[in-house]
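Note that the structure is predicted; figures quoted are calculated from it, not measured. Hydrogens, waters and symmetry mates play no part in the numbers below; they use all other heavy atoms, side chains included.
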Amino acid sequence: MSAYLVRRRRRKSVMFSSGFDSAICGVSNSRDTGECSLTSRRGCTRVYAPYVHRGMEEASCGAFPPSRWVWPYRVIPVHLYPVLQPIVKFLLTLFWRPTVAGLQHVPSSGRMIMACNHTSAFETYFVPCMIPREIHWLGKDALFKGKGVPGKFFAWLMRSVNVIPVDRSGSGGASSALDAGIAVLEGEHALGVFPEGTRSHDGRMYRGKTGAVRLALATGAPILPVAELGAFEAQRSKNSIVPKLRSKLHTQIGPTIDMRAQLATLRADKPSDAPATREELRTLTRSLMEAIRELSGQEYVDEYAADVKKRLKDANAS
């Protein structure tokens, strides 16, 4: 893989932003030269790098650049997803013999949102290995801010397997995540989300957030409900990324859901082109969570998992 030269005004190494939030970066594209330029609003860094990403449209060029290991004046892009997926799938099959059902429901191409229940840490790589599509994930930017060589290596690895850093803090956090998801879907890629927002601490299913529905309504992408069975019981510990040996793991995939059609049905006599109200978003999200729950068989709790975790943490601290 070729090395990309980076011109900088400072000597220190820079891992430049993905450019999702226009308040952070400005992104400009050149169709003739195949270049993207990202300019920091701080005025300290300007990066010019030829950038080519498979299947990427001009409108989203540079929206989520491939992984880059940054050294002084040098950037090396790497895309490891197609290399690592068959290897990891082989190891999973060798040691755990997972099963999958419903693959006929997975669209072979085009934009798609995969919505999955979330009960363990290893679902982020286990589920994509069971899906015959490259999946892009939105990850909190804290995962990409590790210190030292291990932290930089982990950030590089995350980018190389299609994990996109998103700043979800502050009032603009939700907007940044939606913008990042829209950029992926408009490039005709598949986006993976966990509607619950965080892992279940007790194996039950919690109330879903409206982000997946908002993305589906904004882009017209179908939602593919997916349930991972046995993942909670297979955990070695709370943050274990490797399941117990001989665990029974099964991925159940349901039919795709057209949220725009569901919204039109929900409204009946109301104009279908009007923006969805908060109540409509909640109703559509409940129907999505019910579709996933029917696949997983989990007990449903009508509370946000993050709120329950916070309440338990406060109770343990007092």
Salt-bridge test for [X] and [Y]: reply yes if a basic N is under 4.0 Å from a carboxylate O, no otherwise.
X      : Y      : result
Arg293 : Glu290 : yes
Glu280 : Arg267 : yes
Lys310 : Asp314 : yes

Does [Y] offer a backbone N or O that forms a donor-acceptor pair with the side chain of [X] under 3.5 Å?
X      : Y      : value
Arg133 : Gly110 : yes
Trp96  : Lys244 : yes
Glu188 : Arg111 : yes
Glu186 : Thr219 : no
Asn117 : Glu228 : yes

Aromatic ring centroids of His136 and Tyr81 under 6.0 Å? no
Paired with Glu134, the side chain to side chain donor-acceptor pair (under 3.5 Å) test is passed by just one of His79, His189, Gln85, namely His79
Qualifying residue, where the test is ring pair (Phe, Tyr, Trp, His ring centres under 6.0 Å) with His118 and the options are Phe194, Trp137, Tyr206: Phe194
Quick check for you: to the nearest 0.5 Å, what is the distance between [X] atom [atom1] and [Y] atom [atom2]?
X      : Y      : atom1 : atom2 : result
Thr210 : Arg214 : OG1   : CZ    : 4.0 Å
Lys209 : Arg207 : NZ    : CZ    : 11.0 Å
Ser160 : Leu157 : OG    : CG    : 4.5 Å

Closest heavy-atom pair, Ile135 versus Leu191, reported as atoms and distance to 0.1 Å, is CG2-C, 4.2 Å
Would a 4.5 Å heavy-atom cut-off, applied to side chains only, mark Met205 and Val301 as touching? no
Report yes if some heavy atom in the side chain of Ile292 is under 4.5 Å from a heavy atom in the side chain of Pro195; otherwise report no. yes
Under 3.5 Å, is there a donor-acceptor pair linking the side chains of Asp202 and Ser200? yes
